[in-house]
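Below: the structure, in structure tokens.
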2 protein chains.
Amino acid sequence: MTANPTACLLIIGNEVLSGRTRDANLQFLATRLGEIGIPLREARVIPDVEDTIIATVNECRARFTHVFTTGGIGPTHDDITSECVAKAFGVPWEVHAETRAIMAADYARRDPPVEFNAARLRMATLPRGAVPIRCSETTAPGFSMENVHVMAGVPRIMRSMFEALAPQLAGGQPIRSHTVHADYVYEGQIAEGLAAIQARHPALDLGSYPYYRGKGGGVALVAKGTDGAAVEAAAAECLALLARFGAAREGEPAPEG
Amino acid sequence: MTANPTACLLIIGNEVLSGRTRDANLQFLATRLGEIGIPLREARVIPDVEDTIIATVNECRARFTHVFTTGGIGPTHDDITSECVAKAFGVPWEVHAETRAIMAADYARRDPPVEFNAARLRMATLPRGAVPIRCSETTAPGFSMENVHVMAGVPRIMRSMFEALAPQLAGGQPIRSHTVHADYVYEGQIAEGLAAIQARHPALDLGSYPYYRGKGGGVALVAKGTDGAAVEAAAAECLALLARFGAAREGEPAPEG
């Protein structure tokens, strides 16, 4: 797993830090990045503040194979991600002629036609050298600048941009995962046995997650890693461990309710 | 707003970075911290990796007035937050006698009694000098170590720990917020006018958030800051701006559906 490329996600937006908006992008990207073998190793939520965005982009693009950003690429004054990425790379932020033409044709085709004003032109303005990420949801693009991939914050548009980008990313080995669980079994009972399983499978991540269901609850154990056979072996050991204390079952516990 | 104390949240757990678990703590803490005048300025999701936790805690406790952590204080091998905070502060990690006595009494009182084994004793082991955060949900405590406040990852327990801690935090001025919205009005139309309102109220944060509802949608504008009169004035200007393009309304748009 250590040989896999790594990913960092920057969620850019005051609205997440103020509690107004509940982020809906982290879980999607975490799951998809695991599937294509570029595991997410860190995520940060940062405000729409120029110095913070520039410093964070520069720190993270040096530390991770890929940096993905969401948010801040619309037409309003608080949409400053694109300009900040240009400053982080030390390149001009300039109108991208091909993108302007695509957006102009789109706006002219609308009924009634949409005015291609200065605010909307910001969405056709990219760091010099950026490669647009075009998707079916909007003609205002995301873009890749070297290993930094800038996407919209609106989940529907972000997902479309990510799926357009994903085939071009050199992935590693997909992360395999196997979950088992048992009701009325508690972490304090199985901690010692679980640590022994982890010690036998040092290349895997074994996680223990309590859950609560009305007056009961239990624990779910998750084995993860790139070696599918090792994941299956560890999951079988976890199932046997749970069976010593209760009714062990395959898979995730049923949702609450 | 610049005079207010600041907060950073560290969400510690592989399960959030793998997509297994959707974080449920960020939005709660963001909202509550704004209410008590300690605005959240950054959040990070980091893995259960010792070096990463230690380095992140040390970086963030120097940069922010308060650092809150969630996750990694249970009894299993992947619960390493408490040990890592001890290492970050360079102090021993040792059994906290008062906490051990409280937990022992709790476990003895259960029917059937719960074994106070080595795994559970980890939850009574704290950095030297830490002040326990006791709550009504569990006798296994969180703790404060100087400006670092370590809480459980389970939302119900985290909330209880936060509410126990909050009265002891020296807050600043609460963040006031006023939202207006209009259906069928789009960001590209109001961007210029909104920038002018922002320029007239530099101490406020004005945010613009598109929303989508079936075949329609619109935009919500949010004014935030510690000066309630300025927030009301800016919100009135936003309402007037939206009214130039559509049916402007008070408050958040209705939920989708």
Side-chain angles (χ1 to χ4, degrees), chain A residues 9 11 13-23 26-34 39-48 52 74-79 114-115 117-120 122-123 154 156 175 177 179 187-192 194-195 198 205-210 212 222 224, chain B residues 9 11 13-23 26-34 39-48 52 74-79 114-115 117-120 122 154 156 175 177 179 186-192 194-195 198 205-210 212 222 224:
Chain A
L9 169 62
I11 298 166
N14 293 341
E15 70 277 20
V16 179
L17 289 170
S18 73
R20 176 186 185 270
T21 302
R22 185 176 178 193
D23 167 72
L26 169 58
Q27 190 176 29
F28 171 85
L29 286 168
T31 303
R32 289 288 293 122
L33 287 165
L40 186 64
R41 299 304 290 163
E42 185 164 323
R44 297 193 191 184
V45 187
I46 59 174
D48 304 312
T52 304
T76 58
H77 70 280
D78 54 343
D79 289 308
V114 170
E115 181 197 2
N117 58 20
R120 291 183 172 116
R122 288 171 55 82
M123 297 191 286
V154 175
R156 175 176 50 83
I175 311 299
S177 175
T179 302
E187 286 193 306
Q189 297 175 295
I190 52 91
E192 187 183 339
L194 187 65
Q198 176 71 79
D205 275 330
L206 292 193
S208 168
Y209 306 108
Y212 302 89
V222 182
K224 279 186 183 288
Chain B
L9 170 62
I11 297 166
N14 293 339
E15 70 277 20
V16 179
L17 289 171
S18 73
R20 176 186 186 271
T21 302
R22 184 176 180 196
D23 167 73
L26 168 58
Q27 189 176 28
F28 170 84
L29 286 169
T31 303
R32 288 289 290 121
L33 287 165
L40 186 64
R41 300 304 291 163
E42 184 164 325
R44 299 193 190 184
V45 187
I46 59 174
D48 304 312
T52 303
T76 60
H77 70 280
D78 54 342
D79 289 307
V114 170
E115 182 197 2
N117 59 21
R120 291 183 171 115
R122 289 170 55 82
V154 174
R156 175 176 49 82
I175 311 300
S177 174
T179 301
Y186 303 101
E187 286 194 307
Q189 297 174 296
I190 52 91
E192 187 184 339
L194 187 64
Q198 176 72 79
D205 275 331
L206 292 193
S208 167
Y209 307 109
Y212 302 89
V222 182
K224 276 185 187 290

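Just so it is clear: chains get the letters A, B, ... in the order the sequence lines come, proteins before strands, and each one is counted from 1.
- A distance of 4.5 Å separates OH of Tyr209(B) from CD of Glu15(A), quoted to the nearest 0.5 Å.
- When the candidates Asn14(B), Val154(B), Ile46(B) are compared by the number of heavy-atom contacts under 4.5 Å with chain A, Val154(B) comes out ahead.
- Of the atoms belonging to Ser177(B), not a single heavy atom falls under 4.5 Å from chain A.
- When the candidates Glu192(B), Arg22(B), Glu187(B) are compared by the number of heavy-atom contacts under 4.5 Å with chain A, Arg22(B) comes out ahead.
- Annotation: maximal heavy-atom pairing with chain B below 4.5 Å, among Asp23(A), Thr52(A), Thr31(A), Thr76(A), occurs at Thr76(A).
- Heavy atoms closer than 4.5 Å to chain A are found in the side chain of Leu26(B), but not in its backbone.
- Checked by atom type and distance alone, the side chain of Asn117(A) pairs as donor or acceptor with a backbone atom of Gly188(B) at under 3.5 Å.
- Looking at residues two or more places apart in sequence or on another chain, you find a salt bridge (charged side-chain N to carboxylate O under 4.0 Å, His left out) between Glu42(A) and Arg44(A), Arg63(A).
- Looking at Phe28(B), neither its backbone nor its side chain comes within 4.5 Å of chain A, counting heavy atoms on both sides.
- Nearest heavy atom pair, residue Asp79(A) against residue Arg122(A), reads O-NH2, 2.7 Å.
- Between chain B and the options Gly34(A), Gly19(A), Pro210(A), heavy-atom pairs under 4.5 Å are most frequent for Gly19(A).
- By number of non-hydrogen pairs under 4.5 angstrom with chain B, the leading residue of Ala43(A), Pro75(A), Ser208(A), Gly13(A) is Ala43(A).
- Comparing Pro47(A), Gly74(A), Ala119(A) by how many heavy-atom pairs each has under 4.5 Å with chain B, the most go to Pro47(A).
- Contact tally against chain A (heavy-atom pairs below 4.5 Å) for Leu40(B), Leu29(B), Leu17(B): the top residue is Leu17(B).
- To the nearest 0.5 Å, atoms CG (Asp78(A)) and CG (Asp205(B)) are separated by 8.5 Å.
- The CZ atom of Arg41(A) sits 12.5 Å away from atom CG of Leu33(A), with the distance rounded to the nearest 0.5 Å.
- Looking at Glu115(B), there are no atoms closer than 4.5 Å to chain A (heavy atoms on both sides), in backbone or side chain.
- Proximity to chain A involves both the backbone and the side chain of Leu206(B), based on heavy atoms less than 4.5 angstrom apart.
- There is no contact between Val114(B) and chain A, counting heavy-atom distances below 4.5 Å.
- Residues forming a salt bridge (charged side-chain N to carboxylate O under 4.0 Å, His left out) with Arg20(B) (at least two apart in sequence, or on another chain): Glu252(A).
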